[in-house]
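Here is how names work: the chains are called A, B, and so on, in the same order as the sequence lines, proteins then strands, and each is numbered from 1.
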Number of protein chains: 2
Amino acid sequence: MYTLFFQNLNSKVQLTEEEEEQIKTYLTLKKLRKKQYLLQEGDVCKMIAFVEKGALRAYSVDENSNEHIIQFGLEGWTISDLYSFLTGEPATYNIDALEDSELVIISKSAHEELLQTMPKYETFTRLNITGAYLAMQRRLTSTISASVEERYQDFITLYPHIAQRVPQHMIASYMGLTPETLSRIRKRISSR
Amino acid sequence: MYTLFFQNLNSKVQLTEEEEEQIKTYLTLKKLRKKQYLLQEGDVCKMIAFVEKGALRAYSVDENSNEHIIQFGLEGWTISDLYSFLTGEPATYNIDALEDSELVIISKSAHEELLQTMPKYETFTRLNITGAYLAMQRRLTSTISASVEERYQDFITLYPHIAQRVPQHMIASYMGLTPETLSRIRKRISSR
DNA sequence: CAAAAGCATTGATTTAAATCAACGTCCTTT
DNA sequence: AAAGGACGTTGATTTAAATCAATGCTTTTG
């Protein structure tokens, strides 16, 4: 339990045994069956989830009830509706499990207390959000400036493990495409 | 000088006089004439710039030499190629001034020293990057899930001051559209 | 001040992706 | 084992945006 979480944490800020133990008191574990929700749109997001095992997705649903995947969360990733978490506004995303999953949960109060009391946790948080920002920026840049072919290729090379584990129509959704279009893109690419 | 910068800083982490003075020793001012570069693609980004006055843009240029605006930076905003800044890799963006501008410059060494020595600066940095992440996420979400009309409306209501100050074709570029398309979108919207 | 450049608009045409529809395969799940 | 559902593919058609081209207006700049 918590092994991946602390591995991740220690790779960013080296912790002592005591610090690890202290942080552990703030954490809880949660198991989620495939298709279960971690968060539903409209609810307030009260935690940050670190994925120890399994796969989740965050997505929004538009007025035509089309789903748009905002983010995948596989092992080692953190997933949340950060806006809702930070502001207390109702969540605009749903988060659910694509596979049976195990999560390390940091509640809002735990997060705040750790930020106040443990400088290393703040550093960890800063590095995490910086990484998330850079990933998001890369994605946005490719969305507005590259062809759909390139974007798909980039996705595959950057996240091969996601491409292997997630149905293709979800990758289409993540890219803002219809499943049909992605299918045709793949055909075009393979015949070249 | 530095007034807006410290206003911004104090609104996030309340500083003492001494702390302000200490931080000041790490900062430099830079003026940029309209059209001047702050950063060119291929160079390593060695600073973070806070806009005291004026307006800048960060943009990439694709193989067809089309420009894609990644970010605007008006008064109170921070602009940089963060990936290049953090990794030391060559920048993939250009940053230049849309108007005569005044910037508060934080060099890489200044940034790192402040992070090490002043917890409040780390908090400030964390809050800044968090805000930038949320803004980026909002933009990405609207890009993949809303119609072009909605996206334009959202942009106008969210950033009315930008819409007033930058040419329309740059907003088109920011949205990943051609100037012609944005012009037609505006026409459609106004005739409703 | 005059020429040039930058900008927004409009029209005609092409191109890329969405939509609608059908089908086959593979899983679930009862 | 059978039925139903999810998934990916393919084809035909529609729709939205890009592209190409031209024009008038405004702002720079030599």
Discussion item. Without decimals, in angstroms, what is the distance between B:Leu182 CG and C:dA8 C1'?
Written reply: 10 Å
Discussion item. With a 4.0 Å cutoff (strictly under), does any side-chain N or O of A:Gln168 reach OP1 or OP2 of D:dT9?
Written reply: yes
Worksheet item: Think A:Lys187 has a side-chain N or O under 4.0 angstrom from the OP1 or OP2 of D:dT10?
Response: yes
Worksheet item: Within the modelled atom types, does a donor on one side and an acceptor on the other bring the side chain of B:Arg184 and the base of C:dG11 under 3.5 Å apart?
Response: yes
Item to complete: Kindly say if A:Thr178 contacts the phosphate of C:dA18, meaning a side-chain N or O under 4.0 Å from OP1 or OP2.
Response: yes
Item to complete: Check every strand shown and say whether A:Leu177 touches a base, only sugar-phosphate, or nothing at a heavy-atom separation below 4.0 Å.
Response: sugar-phosphate
Worksheet entry | B:Glu99 bridged to B:Lys53 by N-O distance under 4.0 Å | no
Response to the item:
A:Arg186 CZ to C:dA17 P, in whole Å, measures 16 Å
Worksheet item: What do you reckon, is NZ of B:Lys24 surrounded by more than 12 foreign heavy atoms closer than 6.0 Å?
Response: yes
Discussion item. Please tell me whether A:Glu180 and A:Ser183 have a donor and an acceptor in their side chains that are separated by less than 3.5 angstrom.
Written reply: no
Fill in: Length of the CG-C1' vector between B:Asn64 and D:dT19, whole Å
12 Å
Discussion item. Judged by each residue's nearest nucleotide on DNA chain D, which is more toward the 5′ side, B:Lys34 or B:Ile185?
Written reply: B:Ile185
Worksheet item: With distance as the sole criterion, is a donor-acceptor pair present between the side chains of B:Tyr2 and B:Glu52 under 3.5 Å?
Response: no
Response to the item:
From CZ of B:Arg33 across to C1' of D:dT29 the rounded distance in Å is 16 Å
Worksheet item: Within the pair B:Thr181 and D:dA17, is there a side-chain N or O less than 4.0 Å away from OP1 or OP2?
Response: no
Item to complete: Calculate the interatomic distance between B:Asp62 atom CG and D:dA18 atom C1'; express it in whole Å.
Response: 13 Å
Discussion item. Expressed as a whole number of angstroms, how long is the span from A:Asp100:CG to C:dT28:P?
Written reply: 12 Å
Worksheet, complete the sentence: In terms of heavy-atom contacts, B:Arg151 and B:Ala146 come closest through CD-O, 3.8 Å
Discussion item. Rounded to whole Å, please give me the gap between CG in A:Leu98 and P in D:dC7.
Written reply: 10 Å
Practice prompt. Respond yes when some side-chain nitrogen or oxygen of A:His169 is under 4.0 Å from OP1 or OP2 of D:dA6, and no when none is.
Written response: no
Discussion item. Checking contacts here: which listed nucleotide (D:dG11, C:dG11, C:dA8) is nearest the side-chain heavy atoms of B:Pro167?
Written reply: C:dA8
Item to complete: Examine D:dA17: is either OP1 or OP2 under 4.0 Å from a nitrogen or oxygen in the side chain of B:Arg188? Give yes or no.
Response: yes
Worksheet item: Expressed in angstrom and rounded to an integer, what is the separation of B:Glu180 atom CD from C:dC7 atom P?
Response: 13 Å
